[in-house]
Amino acid sequence: MRQTVKALKPMIEGFIETNGELSLKRTLKSGQAFRWRLTNDGTDWVGVVRNTHVVQLTQQPDGKHIHYRVLNGHEDNDHNQEIKPTVKGRKRLKTSDESDGENPKDQYFYSQLISDYLRLDVNLTDLYDKWSKSDDKFAAIAVNMSGVRVLRQNFAETLFSFICSSNNNINRIEKMIETLCQKYGKVLYESHPELGTIHSFPEITRLAEESVEPELKKLGFGYRSAFIHRSAKTICDEYKCPEKWSQELAQMPYSEARQALQRLPGVGPKVADCIALMALNHLESVPVDVHVFKIAQHMYLPHLKKNKSLTHKSYQEIGDFFRSKFGPNAGWAQAVLFCADLKQFKQ
DNA sequence: GTTTGACCTGG
DNA sequence: CAGGTCAAA
């Protein structure tokens, strides 16, 4: 019955031109986002954009166009859209509340929404060219690693996802995040044939409730239960509107934002850098995990081979090295090298 | 200001 | 051990 009702509504879909500068696989499945799933026999990606829209994306055979379909576009899910950080000189997308009469549910609105999430406003060819000129090793890798993009992601989802990521494996990280969404998120789309019911990521205020920590413990979150709850509570205690904090973090200089984030329990240098890079538009942030550490050891800083593990000092050194080599978007260059190092993307 | 272990849980 | 963090040397 429900299917019939949906079918009567106009389908929201269209194509987005990418100039060959986007690989969905390398972008959605390279460890920056944890909730994108491959469906329809491996052709379509389904995920949530802006924490409100369930979107299906398909890379076209020409590699230069993306087909999108908003699966829950007929629902009234636009009322609580977050306001994303404004990028200087770039017009921020309007939310439905401030769309001054313009219909938010038209094709232009959605293609902009998705383009914004995928950061398609950034010319990736120029960046790759620049990085390749300043580093032969990058150049050699980049020719087989085109279209890696740093997504413009939701703050709360990035924060809590990467709190879950520490000292943990990808499989369990994804399961934990999915559990968070199912238990504390809102229903965005029901009965997807392969994925079931799709939820939003929880509000920070919801995760700040006292019952959360014991509940998460029971769900197998271990010591991260306290990290999640206490971080949420810390934010809510200080800010009436948690989203406001993320805007402030995006406005302040990278080093200050990083320092502020690290006051949260479960957020150290690496997690703070992930949030800064992926959710706060601080593209000079270089998250150094064990993968990047090994890349740095073998490719750039051989004297670090004597180090058994990352120290605060070597962490800083690697980040600074990347910034000096690749410039203000060093975090993006790191993302490309990181992606190339992932097992699933090796030739 | 550095460096070392323990740490929930599951494959 | 796994895409670190925390607290105690």
Side-chain angles (χ1 to χ4, degrees), chain A residues 26-36 145 148 150-151 153 157-180 183 207 212-235 255 258-279 285-299 303-320 322 330-346:
Chain A
R26 290 174 190 149
T27 299
L28 302 178
K29 208 63 182 176
S30 58
Q32 49 178 322
F34 297 96
R35 295 185 66 204
W36 285 94
M145 205 47 61
V148 177
V150 173
L151 299 167
Q153 295 197 79
E157 179 166 351
T158 307
L159 166 61
F160 295 104
S161 294
F162 281 95
I163 283 179
C164 290
S165 78
S166 68
N167 187 235
N168 205 352
N169 60 71
I170 301 284
N171 199 12
R172 187 157 84 109
I173 296 167
E174 289 180 349
K175 281 178 182 165
M176 289 167 80
I177 293 167
E178 187 54 35
T179 300
L180 280 181
K183 187 154 180 65
L207 296 176
V212 168
E213 183 176 338
E215 284 170 352
L216 290 182
K217 280 226 171 91
K218 217 174 284 182
L219 289 168
F221 278 58
Y223 62 79
R224 297 182 190 80
S225 308
F227 287 167
I228 291 168
H229 173 253
R230 285 172 52 213
S231 280
K233 193 159 166 47
T234 300
I235 295 170
S255 60
R258 183 177 193 274
Q259 197 175 346
L261 285 165
Q262 289 192 60
R263 294 183 313 155
L264 300 175
V267 179
K270 194 267 181 179
V271 171
D273 276 339
C274 285
I275 300 164
L277 175 64
M278 299 167 196
S285 169
V286 179
V288 182
D289 61 7
V290 45
H291 286 272
V292 177
F293 179 49
K294 286 174 184 165
I295 293 172
Q297 282 177 319
H298 293 301
M299 288 175 57
H303 66 276
L304 290 179
K305 284 183 179 174
K306 63 173 165 46
N307 296 35
K308 290 193 186 301
S309 61
L310 264 175
T311 63
H312 178 69
K313 197 176 171 182
S314 55
Y315 188 105
Q316 188 66 34
E317 184 183 351
I318 294 168
D320 288 343
F322 270 74
W332 198 318
Q334 169 270 359
V336 176
L337 295 175
F338 176 83
C339 190
D341 194 61
L342 290 179
K343 197 176 172 187
Q344 59 192 131
F345 295 114
K346 298 226 177 185

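Quick note: numbers below take in every heavy atom, side chains included, and nothing from hydrogens, waters or symmetry partners. Chain letters run A, B, ... following the sequence lines, proteins first, then strands; residues in each count from 1.
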With [X] via side chain to side chain contact (heavy atoms under 4.5 Å, CB included) - residues at least two apart:
X       : value
E317(A) : L301(A), H303(A), L304(A)
K294(A) : V290(A), Q297(A), H298(A)
Q259(A) : none
R230(A) : A226(A), P265(A)

Not counting sequence neighbours, which residues clear salt bridge (Lys or Arg N to Asp or Glu O under 4.0 Å) with [X]? List them please.
X       : answer
K233(A) : E210(A), D237(A)
D289(A) : none
R258(A) : D273(A)

Can you tell me how far P of dT2(B) sits from OH of Y315(A), to the nearest Å?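 From Y315(A) OH to dT2(B) P: 16 Å.
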5' to 3', nucleotides 6-11 of chain B under a 4.0 Å protein heavy-atom cut-off (B base, S sugar-phosphate only, - none) gives -BBB-S
Once Watson-Crick and G-U wobble pairs under 3.5 Å are found, how is DNA chain C written in dot-bracket notation, 5' to 3', with | for any base paired to another strand? ||.||||||
Quick check for you: name the first and last nucleotides of DNA chain C, 5' to 3', having an atom under 4.0 Å from a heavy atom of chain A. dA2(C) to dC6(C)
DNA chain C: 5'-proximal contact among R230(A) and M278(A) (nearest heavy atom):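 Its nearest nucleotide being more 5', the pick is M278(A).
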For this output row, return yes or no: ring centroids of F34(A) and F162(A) closer than 6.0 angstrom. yes
Set of residues satisfying ring-ring contact (aromatic ring centres under 6.0 Å, His included) with respect to F227(A), sequence neighbours excluded: Y223(A)
Please report the distance separating the P of dC1(C) from the corresponding atom of dA6(B), rounded so that it comes out in whole Å. 15 Å
If you look only at pairs with a residue in residues 166-176 of chain A, which of them pass as a salt bridge (Lys or Arg N to Asp or Glu O under 4.0 Å), with sequence neighbours excluded?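 Listed by first then second residue: K29(A)-E174(A).
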